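Every value quoted in this text rests on a predicted model; they were computed, and no experiment measured them.
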Amino acid sequence: MSLLVALGWVLAIAAMAAFGLAAPTLARLWRRQRLTRRPFPAAWREILRRRVPLARELPAAHQLRLKKHIQVLLAEVPFVGCAGLTLDDEMRVTIAAQAAFLLLGRGGSFGNLREVLVYPGHFVVPRSEAGAGGVVHEGRDVLAGQSWQRGQVIVAWDAVRDGAADPHDGANVAMHEFAHQLDQDSGAANGAPYVGRGALQQAWARVMNQEFEALRARLASAQPGLIDPYAATSPAEFFAVATEHFFEQPAALATERPALYEQLRRCYRLDPASW
């Protein structure tokens with residue numbers, strides 16, 4: 001076999017391998033394009049109007065984009081009722097709409113998301129903590145939501161419903177848990193979702209660390225402030241709580257913590273304060 005022929009075979013094999021890797025991604029893109037070309041169901045539009053008032057405040061182009069993300073989420077991700085809950089479109093659309101806010105500017109999807117589990121109300125999960133001398137203390141937590149790195153989001157329907165009903169209280173469990181999913185796209189939640197490389201990533205880390213420490217200092221001195229104290233639990237919770245404020249109280253966040261708002265604006269590629 002001549003060198004030229006051998007090189008041709010190598011190139012052909014490489015091309016087939018590249019196509020094999022790209023084919024699933026291309027198929028997913030084509031499928032999403034077909035989905036988003038479909039009309040948004042009138043019944044879903046009515047659910048948005050009643051259940052997600054924040055959607056009505058979006059600019060028209062963003063409203064259209066939100067609906068497309070809802071269509072894709074509901075087509076690709078199973079929503080499963082737990083503890084006897086029978087899911088209907090009212091629940092599914094309400095949850096998906098709040099998750100879709102996080103994708104409006106970023107585009108794409110929640111890369112690791114495999115399913116959304118929905119309980120009728122707050123749910124109980126076991127907790128184990130190692131204490132002094134290696135003694136393990138068992139307990140239980142009552143939660144409104146959880147996000148797992150393996151691709152599960154768990155939410156309580158009553159908390160999701162109430163969080164959507166008041167669009168400016170800075171409390172939104174659906175946005176909180178799906179922010180964790182963005183954070184978990186590249187590993188364990190640590191408050192560092194993908195925002196870009198190099199200087200962008202460095203600026204994010206510097207500002208978020210400063211803002212996290214500023215929150216802890218504020219709480220230690222009992223000073224009032226916008227950001228919910230739960231954000232001081234960890235950098236991951238700080239990012240998720242800040243996300244709630246960013247979408248529901250953007251003007252107040254931009255005024256009180258302008259550096260934090262700017263980083264979130266770059267992360268989500270949106271400027272909600274301008275709406």
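Side chain to side chain, E177 and S147 fail the donor-acceptor criterion of an N or O pair below 3.5 Å. Neither side chain, H245 nor E256, offers a donor N or O lying under 3.5 Å from an acceptor on the other. For R150 and Q152, the side-chain atoms include at least one donor-acceptor pair closer than 3.5 Å. For Q98 and N172, the side-chain atoms include at least one donor-acceptor pair closer than 3.5 Å. Between the side chains of S109 and E76, no donor-acceptor pair of N or O atoms lies under 3.5 Å.
Note on ring orientation: taking the six-membered ring where Trp is involved, the planes of W44 and F40 are perpendicular (angle over 60°, cut-offs 30° and 60°).
Residues W275 and H62 share a closest heavy-atom pair of NE1-CD2, 3.7 Å. Contact between R257 and E211 at its shortest, heavy atoms only, is NE-OE1, 2.7 Å. Residue E115 comes nearest to V80 through the heavy atom pair OE1-CG2, 4.1 Å, listed as atom of the first residue, atom of the second, then distance. Across all their heavy atoms, A179 and T243 have their closest contact at CB-OG1, 3.9 Å. When all heavy atoms of H176 and V241 are compared, the pair lying nearest together is CE1-CG2, 3.7 Å. A96 approaches L74 most closely through the heavy-atom pair CB-CD2, 3.8 Å.
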Residue pair Y261, D271: steps toward the side-chain hydrogen bond (donor to acceptor under 3.5 Å, both in side chains) verdict
CA-CA 9 Å; Y261 182 87; D271 187 10; 2.5 Å; yes
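Salt bridge status for D158 with R161: absent, with no side-chain N to carboxylate O gap under 4.0 Å.
Taken together through direct or relayed side-chain contacts under 4.5 Å among Ile, Leu, Val, Met, Phe, Trp and Tyr, V72 and F101 form parts of separate hydrophobic clusters. At a threshold of 4.5 Å between side-chain heavy atoms, the hydrophobic network of Ile, Leu, Val, Met, Phe, Trp and Tyr places L113 and V93 in one connected group. I70 and L64 fall into different hydrophobic clusters, where Ile, Leu, Val, Met, Phe, Trp and Tyr are joined by side-chain heavy atoms under 4.5 Å apart, directly or via other members.
You'll find the ring centres of Y268 and F247 inside the 6.0 Å limit. A centroid separation of 6.0 Å or more is found between the aromatic rings of W148 and H180.
Here the CG-CD distance, from L253 to E248, works out to 12.0 Å after rounding to the nearest 0.5 Å.
The side-chain heavy atoms of N190 and P235, taken from C-beta on, include no pair separated by under 4.5 Å. Side-chain contact between V153 and F178 is present, with at least one heavy-atom pair separated by less than 4.5 Å.
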